[in-house]
Q: 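Sharing a structure with you now.
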Amino acid sequence: MRQVLVAGNWKLNGSLAMIKTLIDGLKAGMGEGTQAEMAVCPPFVYLGNTLSKIEGTAIALGAQDVCDQDNGAFTGEVSASMLKEFGCRYVIVGHSERRSIYEENDEFTARKFAAVKRAGLRPILCVGELLDEREQGITEQVVARQLDAVIQKTGIEGFQDAVVAYEPVWAIGTGKTATPQQAQDVHAFIRRRIAQHDQAIADRIRILYGGSVKGNNARDLFAMADIDGGLIGGASLDSEEFLSICKSA
Ligand code: 13P
């Protein structure tokens, strides 16, 4: 039985005041009724502050990105061991905004994934196709290529304790959610691809859906057999909306 994970990716949003309001809201509303594991991924500079606010709660901390190197002359970067020291449990790797805006390719993403594993943290590996790729009917090829780059780097063992997030790029921040069946089809494909290497890891790995998940569509998505939670952007900035997604689990 896979426990649902709902992770909030705050992206480039937040301030000390906003984080206080958001975490206070989450703490006040969590209570009973949430079976999901909840995680928040603030920008790097707010990790310490966020950690101090969630300590003692069941909310887990995650980071949005990481350096592929462990230490040294890499100005501006943050290593996985630093994230560990600041209480992170999860690290998002290969988000489509990193891939498209910052031109990070599959190989670079795989190196980041490996760095997260070396530090003993759990990567949340994002995969997903562009609208154009879906229209060309090559969604599975794209997702397979993104997964295979990581499998090649770390071996399938790298996926032990890892999380995969399927985020169709055309659904991110657009209000256009994949239908539960569209998402389920790709999630099942991802699980099958992992199962070709290791059935036990495939059975256990959590595959999250991301892309315009809201309180009013989460339940139908999470009801699908291979959807084990969500990676939430915009709706994770509002405590009521985020809680309502968590309670859909
Ligand atoms: P939205 O929920 O805002 O569509 O963003 C999804 C996402 O990119 C999460 O990583």
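The first residue in the sequence is number 1, and the count goes up from there. Both ligands and their constituent atoms are indexed starting at 1 by order of listing.
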Q: Looking only at the side chains, is there a donor atom on one of E129 and W170 sitting less than 3.5 Å from an acceptor on the other?
A: yes
Q: Before giving the answer on salt bridge (Lys or Arg N to Asp or Glu O under 4.0 Å), spell out for D148 and R193 the whole-Å C-alpha distance, their side-chain angles and the decisive distance to 0.1 Å.
A: CA-CA 9 Å; D148 291 353; R193 190 94 187 168; 2.6 Å; yes
Q: Which class fits the ring pair Y209 and H187: parallel under 30°, tilted 30 to 60°, perpendicular over 60°?
A: tilted
Q: Nearest non-hydrogen contact with atom 4 (O) of ligand 1 belongs to which option: P168, G173, S96, G8?
A: G173
Q: Any idea which protein heavy atom is nearest atom 7 (C) of ligand 1, and the distance to it?
A: E167 OE2, 3.2 Å
Q: Is there a heavy atom of A165 sitting under 4.0 angstrom from any atom of ligand 1?
A: no
Q: Do NZ/NE/NH1/NH2 and the carboxylate oxygens of R206 and D228 come within less than 4.0 Å?
A: no
Q: Considering non-hydrogen atoms of the protein only, which is the closest contact for atom 5 (O) of ligand 1, and what is the distance?
A: K11 NZ, 3.3 Å
Q: Donor-acceptor pair, distance only, cut-off 3.5 Å: does the side chain of R191 make one with the backbone of A202?
A: yes
Q: Verify, without hydrogens or angle tests, whether S212 (side chain) and T177 (backbone) share a donor-acceptor contact under 3.5 angstrom.
A: no
Q: Considering heavy atoms of the protein only, find what lies nearest to atom 3 (O) of ligand 1 and give residue, atom and distance to 0.1 Å.
A: G234 N, 2.8 Å
Q: Less than 4.0 Å is my threshold; does some heavy atom of S212 fall inside it relative to ligand 1?
A: yes
Q: Please confirm whether the backbone N or O of R89 pairs with a side-chain atom of K84, one donor and one acceptor, at under 3.5 Å?
A: no
Q: Only heavy atoms of G211, strictly under 4.0 Å: list the atoms of ligand 1 that pass.
A: 4 (O), 6 (C)
Q: Can you find an N/O atom of N9 closer than 3.5 Å to an N/O atom of ligand 1?
A: yes
Q: Return the residue, atom name and 0.1 Å-rounded distance of the protein heavy atom closest to atom 2 (O) of ligand 1.
A: G233 N, 2.9 Å
Q: May I ask you to say whether K112 pairs ionically with E104, meaning some side-chain N is under 4.0 Å from a carboxylate O?
A: yes
Q: For ligand 1, note which part of C126 has a heavy atom under 4.0 Å away: side chain, backbone, both or neither.
A: neither
Q: State the atoms of ligand 1, each with its element, that fall below the 4.0 Å cut-off from a heavy-atom position in A171.
A: 4 (O)
